[in-house]
Amino acid sequence: MVHVSSFALATALALATNVDAFVGHRSFASSSSTRQHMSAYPTAAEDILWTPSIKTGERDELLGPISKYCEDLYSVSRRQTRTVTCGPIKFGSEHPIVRQTMATTDTANVEASIDQIMRCADKGFDLVRITVQGKREANAAAKIREGLFKKGYDIPLCADMHFQPVVAQLVADAVEKIRINPGNFADGRKDFEEKVYESEAEYVKEREYLVEAMLPLVQKCKDLNRCMRIGTNHGSLSSRVLSYYGDTPRGMVESAIEFADICRSQDFHNFVFSMKASNPLVMVQSYRLLASEMYRLGWDYPLHLGVTEAGEGEDGRMKSAVGIGTLLADGLGDTVRVSLTEDPEFEYEPCNRLCEMAEARVAAKNPEAAARQSAVRNYVDTRDITTYARRVGTLPTKKEGEKVDVDKFLNPNGSVLSTIDPKMLSEGNAPYLYKELGFKTAVGMPFKDIATSDSLFIRNLPPADDSNARTALRRMMEVGTGVIVPAEELEKNKLENAVALMSLTEAIETDGKLPEGAIRLAVEIDGSEDDEAIAKVKDLDPLIVLIAIDDELSQLHASRRIFEIFKANEISVPAIHHYKTAASNTDDIALELGTKVGSLLTDGNGDGILIEQDGETKFSVEFLRNLGFSLLQGCRMRNTKTEFVSCPSCGRTLFDLQETTAQIQEATGHLPGVTVAVMGCIVNGPGEMADADFGYVGTLPGKVDLYYGKEVVRKNIPNEEAVDALVELIKSYGMWKDKEEAEEIEQAVAA
């Protein structure tokens, strides 16, 4: 029999009367005897009041459909949560967002771990997680905690637990927080892998084992006032969950809720949730789904945000910003970890910057942010957060009589437009510009490659008599590169086959009349226009729309309004986010772009990116182009290079992760469409490689296993041979291509 109905009724009654469904249990007094104490609460799965089933429809029937996932769709307000304590720090909406990281040292090396944790604390982190594989590491954790106290450091520690319920109980004596992974803490038994769960009864029957493994740890944490993180990972869902729910955000959420039900059955509420994935779209959808479930269940537990295995450099920061920044922009998230394949100290700046940006957007604490959000005209947000569907703009087609390939101005998987200025087009500079824009050249003539800028934006044209600059522009246009120029500039300085850019107001007033020589219209919308004006985009039929939100408006909410109007009026014109930035360093611009534009692309709203610099610091055209492509790849739109899923290293890592990742990137980084996972140990093994074509996983000291998908195909390869073996494996599956020798700039100049 499936034991859900009693809880369903209790929950419905509790919500109706605003009373906690477990309030009755609080009357039982604590006891020093675990057996006596636990007897006051359910000790068997059949006695626990489980959350009503989503599969059978009982949850929807009793509690209604999910509705909201954040406090306010039209302004930034932090989701209201309870306070969860973790030693000297507190998680929750009434407290600052907690910054945390993870040590990369071998936990058994007590002194090295203490030194690294102190460096992290000095950098500014509030909490550090350490790996605990067994009793040896649990004993070491106690020594690390004691050593830190002796040195005057009270920064709380979190033990990262996989597969070891008994060791988790042991280490709870020493550290302030325990992280458990529902996918393998108890629910990773091999016999689950042989079963197919076709009914609710079959699925529920296995809960007894989960309860048996979890209850002692829950009681220990409750007695010692320890904190717990129920941390689901997309790549390490149990075979039981995979069989019943599939490799889905819903499976992640239900796995976490099941473990939370066990905690709640013991009146233990000092825990947080996480829903990590290496794919930012899956991560965002999972957290939103969990938040929406908590709203309808009446739960208020804090959220730990993170994109797992994000990688390194700009790509790692971009992917983290897309996932974490999107959620923070909606007021979700109470603690953040940015997982980079770098030393943990280097995670602080991006982590802190994302938190600062989030805190600056909260309307209740920032009058300027509140003013921008309230200045956005009214609209109805109809996004469905339970699924992902990208709005794909209708690409332009070449018309009869047009002398350039207009159909190549944009890419169906997302476009990158680059800003240039006239000086870059001079005879001496043009060959360098071709390279920075990603063109290949043959005898000095440019032609498009896989990561070439799709179109160009230039505010001021070179004079008509500057034949060299005009020739450079013409050569790029002849190979399908669009050139977008403000209409007022084209009126003064004619350019054949240009795309004329007008504000929406100007385009409506002139009925989109083009300057002489221009072949198509582009329209810029700043979000201040009324609904009727934006709806006229359909009649104007421009080649593209550039969305450049007015500084007095919230970019997120004003952009969402524009896309709602497009949807209501069936406007399918490609929409490019025109992002203007005054950022002064590479990290800041990556984090800004990932947060502010990525938060729109993760909802499927947008067909590309145009970055224009406003500040004194000027980044190269090549850097901004690569950043644009990194954004599109991070949002799972357009792959222009190898995708790396790389774990951030920890005490379990069985090889030098940073050095090995660099070697693999050097050897395989030129394979767009191929995903390679680099995992330091089997904990982050086949499951975490959910999106990967090939996997490189440490299994024994000095040894590596290679995977194709989730299947191991070569075992125990010596580290020094493993990168070459990976290359051969990629070749054997027909996914390899040799690196092209780039043409030297000097040859282009000579030509």
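All values derive from a computational prediction rather than experimental measurement.
- Scored by the salt bridge (Lys or Arg N to Asp or Glu O under 4.0 Å) test, R390 finds D607 as partners (sequence neighbours excluded).
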- Task: Assess whether ring-ring contact (aromatic ring centres under 6.0 Å, His included) is satisfied between Y708 and F694, documenting all intermediate values.
- Result: CA-CA 5 Å; Y708 176 65; F694 301 95; 5.4 Å; yes
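- Within 6.0 Å of NZ on K715 lie no more than 12 heavy atoms contributed by other residues, nucleotides or ligands.
- The pair D300-R82 counts as a salt bridge, with a side-chain nitrogen and a carboxylate oxygen less than 4.0 angstrom apart.
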- What do the steps show when you test D603 against R383 for salt bridge (charged side-chain N to carboxylate O under 4.0 Å, His left out), and what is the final call? CA-CA 8 Å; D603 284 326; R383 290 172 300 129; 3.0 Å; yes
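- Here the side chains of S236 and N181 are in contact, with some heavy-atom distance below 4.5 Å.
- In this view, S113 and T105, I144 satisfy the side-chain contact (heavy atoms from CB on, under 4.5 Å) rule, not counting sequence neighbours.
- There is a side-chain donor-acceptor pair under 3.5 Å between T101 and E347.
- Taking all atoms of both residues into account, the shortest heavy-atom contact from A159 to V175 is CB-CG2, 3.9 Å.
- The shortest non-hydrogen separation linking R79 to E71 is CA-CG, 3.3 Å.
- Put simply, the residue from E258, E254, E206, E202 that forms a salt bridge (charged side-chain N to carboxylate O under 4.0 Å, His left out) with R240 is E258.
- Using a 30° and 60° split on the angle between ring planes, H269 and F271 fall in the parallel class, below 30°.
- In terms of heavy atoms, S339 sits closest to K276 at OG-NZ, 4.4 Å.
- No salt bridge links D384 with R288; every basic N to acidic carboxylate O contact stays at or beyond 4.0 Å.
- The two residues V284 and V322 come nearest to each other via the heavy atoms CG2-O, 4.4 Å.
- Under the 3.5 Å distance criterion, with hydrogens and angles disregarded, no donor-acceptor pair is assigned to the side chains of N279 and H234.
- Taking the side chain as every heavy atom from C-beta outward, L303 and S274 never approach each other to under 4.5 Å.
- When every heavy atom of V241 is checked against every heavy atom of G251, the shortest pair comes out as CG1-O, 3.5 Å.
- Ring geometry for F259 against F185 counts as perpendicular: the plane angle is over 60°, on a 0 to 90° scale with 30° as the lower cut.
- Residue K205 places its NZ atom among 12 or fewer non-hydrogen atoms of other residues, nucleotides or ligands, all under 6.0 Å distant.
- Within the cation-pi definition used here (under 6.0 Å to the ring centroid, within 45° of the axis), K222 does not qualify as a partner of F268.
- Here the closest non-hydrogen pair linking I385 and Q285 is O-CG, 3.5 Å.
- Taking 4.0 Å as the cut-off between side-chain N and carboxylate O, R59 and E293 count as a salt-bridged pair.
- D330 and Y69 share a donor-acceptor pair across their side chains, judged by distance under 3.5 Å alone.
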